[in-house]
**Student:** 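My questions all concern the structure below.
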2 protein chains.
Amino acid sequence: MSDQITLTEKQKKLIEQLGIYHEKSGLSPASGRIKALLTVSPVLELSFDQIRETLQLSKSATSNSINLLMSMGAIDYITHPGDRKRFFRSKIGNWRDTMKQSFRNITNVADLLEEILIQRPNETEEFNKNLEEVISFMRYFKKEIPSLYKKWDKSE
Amino acid sequence: MSDQITLTEKQKKLIEQLGIYHEKSGLSPASGRIKALLTVSPVLELSFDQIRETLQLSKSATSNSINLLMSMGAIDYITHPGDRKRFFRSKIGNWRDTMKQSFRNITNVADLLEEILIQRPNETEEFNKNLEEVISFMRYFKKEIPSLYKKWDKSE
DNA sequence: TTTATAGTTCTTATAATTGAGAACTAAAAA
DNA sequence: TTTTTAGTTCTCAATTATAAGAACTATAAA
């Protein structure tokens with residue numbers, strides 16, 4: 001019956017906080033909580049019903065959110081022999097790709113800003129110069145990311 | 001009567017695209033369009049009614065969005081002697097601060113992840129190691145931003 | 001002093017998100 | 001073959017976000 005997992009008050013608070021952070025990054029409340037639960041939970045692999053009951057969600061919200069998070073590559077699942085259940089877990093090991101994705105979002109706007117710059121009147125000199133600088137910095141930033149990773153790897 | 005400013009189809013399309021980008025970053029449609037208009041418009045300083053009529057917004061949506069963008073530091077205004085109107089303009093010159101703000105959002109989660117790490121069981125070794133790495137990279141990244149700006153400045 | 005201007009604020013109306021609950025489905029177990 | 005399990009999908013209700021429109025306000029102009 002009760003698949004609810006036991007969490008300390010501290011853990012519940014951290015799930016809430018991390019969940020809100022995920023919401024700000026564009027996830028729905030339910031998806032954010034599930035992603036957060038799979039980061040905070042001492043048990044790394046949780047079944048559908050453990051997630052559902054721990055977070056008090058409906059089956060539909062749980063199913064839809066799990067599938068969204070899987071399609072985003074944020075979580076995956078494993079099965080255990082003799083058990084039909086799937087056990088979901090965070091793909092935190094993929095953090096480099098996740099990070100790269102979020103950098104891509106910052107830098108991809110550079111192309112759009114360039115299109116804007118191209119059709120601006122030459123007369124708005126100071127403005128255009130600032131726009132040019134933003135674009136230039138974004139591209140420089142993008143270019144430097146690999147070496148940033150390399151330098152971090154070394155410093156580890 | 002008509003304070004609507006003239007825009008090419010291309011400019012309208014760019015406002016739409018940049019507006020959607022701003023929406024994805026958390027602004028409402030109206031705020032996103034206003035910020036985009038003040039980036040694309042060949043006329044840099046636009047009055048309340050020029051913004052309103054060009055984007056076909058209600059007075060309330062225009063007023064609330066303008067005030068939100070001002071409180072965020074995304075736009076400001078000037079007045080011209082003998083004219084009561086305020087003329088709003090993009091604060092694109094502040095792009096370094098804007099960029100820093102968006103970096104802060106990425107790196108601020110490090111403290112939360114650290115709190116999560118601290119209370120995790122030692123048994124989930126691999127997971128904890130990954131979490132540790134994310135935190136370490138985020139902090140390294142934050143630390144490197146100033147020198148990234150410096151190097152970019154030089155390369156300019 | 002009255003009127004016009006430049007917005008602001010308040011009260012809805014509409015639309016979009018979100019998730020609940022029930023009905024359904026496919027595969028495995030009995 | 002029937003039943004149970006592990007989810008999925010559909011429909012709908014509730015909440016939330018968004019902005020329209022009207023009423024209001026403060027300042028300046030006439």
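Just so we're on the same page: letters track the sequence lines, and every chain starts at 1.
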**Student:** Taking 4.0 angstrom as the limit, do B:D76 and B:R86 come out as a salt bridge?
**Tutor:** no
**Student:** Pairs in or reaching into residues 50-90 of chain A: which pass ring pair (Phe, Tyr, Trp, His ring centres under 6.0 Å), with residues at least two apart or in two chains?
**Tutor:** A:Y77-A:F88, A:H80-A:F87
**Student:** From CG of A:D3 over to C1' of D:dT5, roughly how many Å is that when rounded to an integer?
**Tutor:** 12 Å
**Student:** What is the distance, rounded to the nearest whole Å, between atom CG of B:L57 and atom C1' of C:dG7?
**Tutor:** 15 Å
**Student:** In whole angstrom, give the distance that lies between atom CG of B:L55 and atom P of D:dA20.
**Tutor:** 11 Å
**Student:** I need the residues from residues 14-21 of chain A with at least one non-hydrogen atom less than 4.0 Å from DNA chain D; give them sorted by number, or say none.
**Tutor:** none
**Student:** So how far is it from B:T39 OG1 to B:L18 CG, rounded to the nearest 0.5 Å?
**Tutor:** 5.5 Å
**Student:** Is there side-chain contact between B:H22 and B:S31, with at least one heavy-atom pair below 4.5 Å?
**Tutor:** no
**Student:** So, are B:K129 and B:E132 salt-bridged, with charged N and O less than 4.0 Å apart?
**Tutor:** no
**Student:** Drop me the distance from A:T107's OG1 to A:N105's CG, to the nearest 0.5 angstrom.
**Tutor:** 8.0 Å
**Student:** Please state how far atom CD1 in A:I51 lies from atom C1' in D:dA6, giving the value in whole angstrom units.
**Tutor:** 13 Å
**Student:** Rounded to the nearest 0.5 Å, how far does CD1 of B:I78 lie from NZ of B:K85?
**Tutor:** 13.0 Å
**Student:** Tabulate protein N/O versus nucleotide N/O from nucleotides 12-18 of chain D, keeping only pairs under 3.5 Å, one per line.
**Tutor:**
none

**Student:** Ignoring hydrogens and angles, tell me if any N or O in the side chain of A:T54 forms a donor-acceptor pair with the backbone of A:Q50 under 3.5 Å.
**Tutor:** yes
**Student:** Is the shortest heavy-atom distance from the side chain of B:Q17 to the side chain of B:K13 under 4.5 Å?
**Tutor:** yes
**Student:** Could you check how far CG of B:N64 sits from C1' of D:dG21, rounded to whole Å?
**Tutor:** 13 Å
**Student:** Where the side chain of B:R86 is defined as all heavy atoms beyond and including C-beta, which of C:dT8, D:dT8, C:dA20 is the nearest nucleotide?
**Tutor:** C:dT8
**Student:** What's the CG-C1' distance between B:D49 and C:dT5, to the nearest Å?
**Tutor:** 10 Å
**Student:** What is the distance from CZ of B:F88 to C1' of C:dT8, rounded to the nearest Å?
**Tutor:** 12 Å
**Student:** Just grab all the ring pair (Phe, Tyr, Trp, His ring centres under 6.0 Å) pairs involving residues 90-118 of chain A, residues at least two apart or on different chains.
**Tutor:** A:W95-A:W152, A:W95-B:F137, A:F103-A:F141, A:F103-B:F141
**Student:** Any side-chain heavy atom of A:I34 within less than 4.5 Å of one from A:L37?
**Tutor:** no
**Student:** Can you pull out the residues from residues 65-78 of chain A that lie within a 4.0 Å heavy-atom distance of DNA chain C?
**Tutor:** none
**Student:** Check whether any side-chain N or O of B:N130 sits under 3.5 Å from a backbone N or O of A:K91 as a donor-acceptor pair, and report yes or no.
**Tutor:** no
**Student:** Once you round to the nearest 0.5 Å, how far does CZ of A:R96 lie from OH of A:Y149?
**Tutor:** 7.5 Å
**Student:** Using nucleotides 24-30 of chain C, report all nitrogen or oxygen pairs with the protein that are shorter than 3.5 Å.
**Tutor:**
unit_1: C:dA27; atom_1: N3; unit_2: A:R84; atom_2: NH2; d: 3.1

**Student:** Taking the side chain of A:K85 as its heavy atoms from C-beta onward, which of D:dA20, C:dG21, D:dG7 lies nearest to it?
**Tutor:** D:dG7
**Student:** Would you kindly give the CD-to-C1' distance between A:Q56 and C:dA20, to the nearest whole Å?
**Tutor:** 13 Å
**Student:** Taking the side chain of B:A61 as its heavy atoms from C-beta onward, which of C:dG7, D:dA20, D:dT9 lies nearest to it?
**Tutor:** D:dA20
**Student:** So does A:S60 reach the base of C:dA20 with its side chain, donor to acceptor, closer than 3.5 Å?
**Tutor:** yes
**Student:** Nearest 0.5 Å, what's the CG-CD1 distance between A:N94 and A:I75?
**Tutor:** 12.5 Å
